[in-house]
Structure formats: structure tokens, C-alpha cells
Amino acid sequence: MAKQLNPKTYLFVICTLAALGGMLFGLDQGFINGSLELIDQEFTWSVLKGETFASIMIYGCIVGAVLSGWIARVIGRKKTLIFAALFFLVFTIVGSLTREVFILFSARFCIGLAVGCASLAVPLYLSEIAPTKWRGGFISMYQLMITIGIFLIYLSNKYIGEHYHSWRLMLGIIAIPSFVMLIGSFFLPETPRWLMLKGRKTEAEAILKKTRETEEESSKEFAELEASMGDSKKKESAWNLIRKPYFIRVLVLGIFLQLLQQLSGINCIIYYSGQIFRTAGLTNPGVAVIVVGAFNMIATLVAVFIVDKIGRKPIMYFGLTVMTIALIVIGLIFHTTEAHVGGDYQLPGYLSWTMIVSAIFYIIAFAVSVGPIIWILCAEIFPLAIRDVGMAVTTLVNWTAAAVVVQSSLTVMSKWGGSVLFFAFALFCILGLFLVSGFVPETKGISLEQLEINLKAGRKLRKLGVSKIE
Ligand code: BGC
């Protein structure tokens, strides 16, 4: 493949293949929407079992995220992707064929392991293989694939539900992209940065040559990489490294960023927009859910192209501001009317539209900013020798916070009303603006190695992206 393609196309192909892990993330996450009723009909579950089934994948993700940090470190980024793809394929098939409830639950948990693993390994792989100038765009491809996955599964569940009434088919169809990812992963090169970490310099250099546009670009990057390995040669243990103050500083930043991504409420919209739109008076909320999915996808595509041009921070300011306004508007509608999710009250026409339009603005703003940029930053800020550990912890935080939001949103809305929930999400967005302005570095156009040098030199977090140390 490498011989026939120019470096840019080659890079695009391998990044797309690696990013398929994101699509499987989206497909498996969205699968519940539209399939649960059919599964319920077959197994006649109680509500509790249905809820447990819906969330068991997230528990798998939490475990998968932790394990994959270690796996990616030991066997490498590429083999971790192969491993995740294999799990996706095997357990998707097992889950769609089984007649045993226990096996179905176990299969969903194992699919969760694969999703957790992919959510660490894909951004890690993309950040380490992409050249500095396109790194943000390539990592955003991961988020783009998540949104494509969510959108496709909404569509396919709707179609299969209407024509075949089969949840097995809804799940089984996910085996196709899993298979493509599995085969594709075998063709991926290992990342030059992991190879350097393992002392395999010649291979690292060869991969840089294949994936960089000019000889000059690849040798410059190789030299930078080699220089930054100076420290790593001392081969300090991971245990020693994770106690270094510079690591703890970026770790805390990464944890706050992932908390921000989830506590700003995205998964409340992704999981429950159907119920929210029904409250807004829509008789066919399924269509609106697909519209939300489409906006999510299109806006992420925009992010892929602008994130390396405009920079991470200005887009975050824009996104968080629009999200705050949209959330406050939705909160105010709940606050000033009798509307509550699951109730019979229907909003008057103009408020109904205000709510739908606000939700769409919210999703566009998230998809262009907080969605991709948090994953980008968490793949960029950690020093190479413990990047996998940093990403494992922050990915774990992401999934744990996602579980909390998904599990508590409906309860909070029914106990205290939608306004409390949406105002709380808005508050987190406002706190996010302070986090971005006070602590987040602008990482556009700066190499991972320079970021690491700046971090170790004790620069302020906000200043890590300044290319030269004065
Ligand atoms: C988040 C997911 C979310 C998805 C929606 C991702 O970046 O991590 O929790 O469901 O975006 O597009």
C-alpha cells in the first residue's frame, strides 16, 4: 500500500483505518437507542434489567480503558488496535446469536472492553503518527468516526426496526465494520514514537519517511524525537514517572478536561433527546434524533478542517459559550413551564421550536469544540514515556463521568425538573471557560516533543504551547 500511495494519501488511509475504532464506539453506544424494546420483547425483562443492559457496556469501557493503557505500552499501539477489533468482532457475533441472557450481558460487557480500549488506543495512535501540522485534524477524525457511528446506527436501527423487527440484525450488522477494522489494522504501521520508546530507531525512521511529505520534514522530526529520547534512555520505571510533579500537573488538567466533556451534558442529549423532544411536543421524535445525529456529524467534519488552522482554544471559547447559552435557554423553558420529561404537558409551538433549535445549536457547538478537542488535548499533553498511563487515567474519568450522567439524568429531571439539570450543565460549561483560559495550552502547530520539553522545564500549563523557551 505504501509504495503506490504518496505520503499524504498513505497517512490519510492509515488514519481512517485506525479511526474506525471510533466508528465502532459510536455504533455500539447508539445501538441501545431503538433496540432495547425489541430485546425486551424477546427476554421479557424488568425495567431494571433493561437499564443494566443499557449501562453494562459503559462498565466494560471503564475496565477496557484502564487495561488498554498497559496493553498499549507493552505490546504497542498497533497491536492494541488489532486486539480491540478482534474483541469487537467476536463479541458482536456472540451477542447477536446467543439465546442466553447471561451470555448476552457478558458479550455487551466485552464489547465495552473493546470500546474502552479503542477510546484510548485510537487517539493515542493518531497523535503519534500524525505530523504536527495536521495532528489536530487527524485526531478529530476519531471524533468524526464516533459521530458517523452514532448517526449510522440511528438510521440502521430505525430501518431494521421497521422492516425486520430484529435486534439481532441491528447488533450483528456491526460485525461488518469490526471485520474491516480487524483486517485494516494488520496493515497499519506501528507509531514512530512507540518504536523509539522501545529503542527500534531504524523502524521509527523508516515510518517517518513513509508518512512525511518531504525528506527534510521526516529527518527534522526524527532528530527532535531522538533528542527528546535523551531523558527516556535513563529508563525510569512508570511508577517513578507517574509521581513526577510535571506529570501530575498535566494529569490533573486532563482529568478536568474529561470531566468538562461529560459534565457539560452531551450524553444526556445523545441518549435522551428522544424523550426531551417528545416533551417539546414532537409526535415523531425519532426523526429529530436523527437530525441531531446528522448535525453532530457535520459539525465534527468542520472541526477536522479548522482545528489546526484556528487553534484549539478559540474554538473551545466559541463552543462553550454557545453551549452555555443553549443550555440556559432549555433550562429556562423547563423552569417557566409545566414541561417535564415523561409528562403529558406539551409546550406551545414557539417554545417547542426554541427547545429543538437550542438542542441543535448545543450539539453543533459541542461537535465542533468540546467533542474533538478534549480528545486531542488528552492525546497531546502527556510526555511520551507515560502518555499511555495519562491517557488511561483520563479516559477512565471520561467513561466514569459518562456513566454518572447517563444514569442520573432521568432521575434528576424527574425529581427536580429539567431546569436543574440543564442549569447544572450550563454551570459546568462556564467553569470550562475558566479552565480553558487559565490552564489549557494552545497546542496548534507545536510538536509533541516541544510540548514535553516545555512541560519538563516547568512552564505554566497555559504556556506549554509556546514554541521556544525564553
Ligand atoms: C464523547 C462521548 C459522546 C460523543 C458524542 C465523544 O467525544 O466522549 O461521550 O457520546 O462524543 O458525539
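Along the sequence shown, residues carry numbers from 1. Order of listing sets the numbers, starting from 1, for every ligand and every atom in it.
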Using only atom types and a distance under 3.5 Å, with no angle test, would you say the side chain of His165 pairs donor to acceptor with the backbone of Gly161? yes
So the atoms of ligand 1 within less than 4.0 Å of a heavy atom of Gln143 turn out to be 6 (C), 7 (O), 11 (O), 12 (O)
Count the heavy atoms belonging to other residues, nucleotides or ligands that lie under 6.0 Å from OH of Tyr164, then report whether that count exceeds 12. no
Ligand 1 atoms in contact with Thr147 (distance to a heavy atom under 4.0 Å): 12 (O)
Quick one: does any side-chain atom of Lys133 pair with a main-chain N or O of Gly445 as donor and acceptor, under 3.5 Å? no
For the residue pair Leu464 and Pro441, what are the closest heavy atoms and their distance? CB-CB, 3.8 Å
Taking atom types as modelled and ignoring hydrogens, do the side chains of Gln258 and Thr395 form a donor-acceptor contact shorter than 3.5 angstrom? no
Please list, in number order, the atoms of ligand 1 under 4.0 Å from a heavy atom of Trp375. 6 (C), 7 (O), 8 (O)
Please report which non-hydrogen protein atom sits nearest to atom 12 (O) of ligand 1, along with the residue it belongs to and the distance in Å to one decimal place. Asn296 ND2, 3.1 Å
Ranked by distance from atom 1 (C) of ligand 1, the top protein heavy atom is Gln261 OE1, 3.5 Å
Pick one of side chain, backbone, both or neither for how Asn267 approaches ligand 1, counting any non-hydrogen atom pair under 4.0 Å. side chain
Ligand 1 contact on Thr300 by region, counting heavy-atom pairs under 4.0 Å: neither
Of all protein heavy atoms, the one nearest atom 5 (C) of ligand 1 is Ile150 CD1, 3.8 Å
How are the rings of Trp399 and Phe25 set to each other: parallel, tilted or perpendicular (split at 30° and 60°)? tilted
Interfacing atoms of ligand 1 (cut-off 4.0 Å, heavy-atom, Gly371): 7 (O)
Donor-acceptor contact below 3.5 Å, side chain Gln29 vs main chain Ile150: no
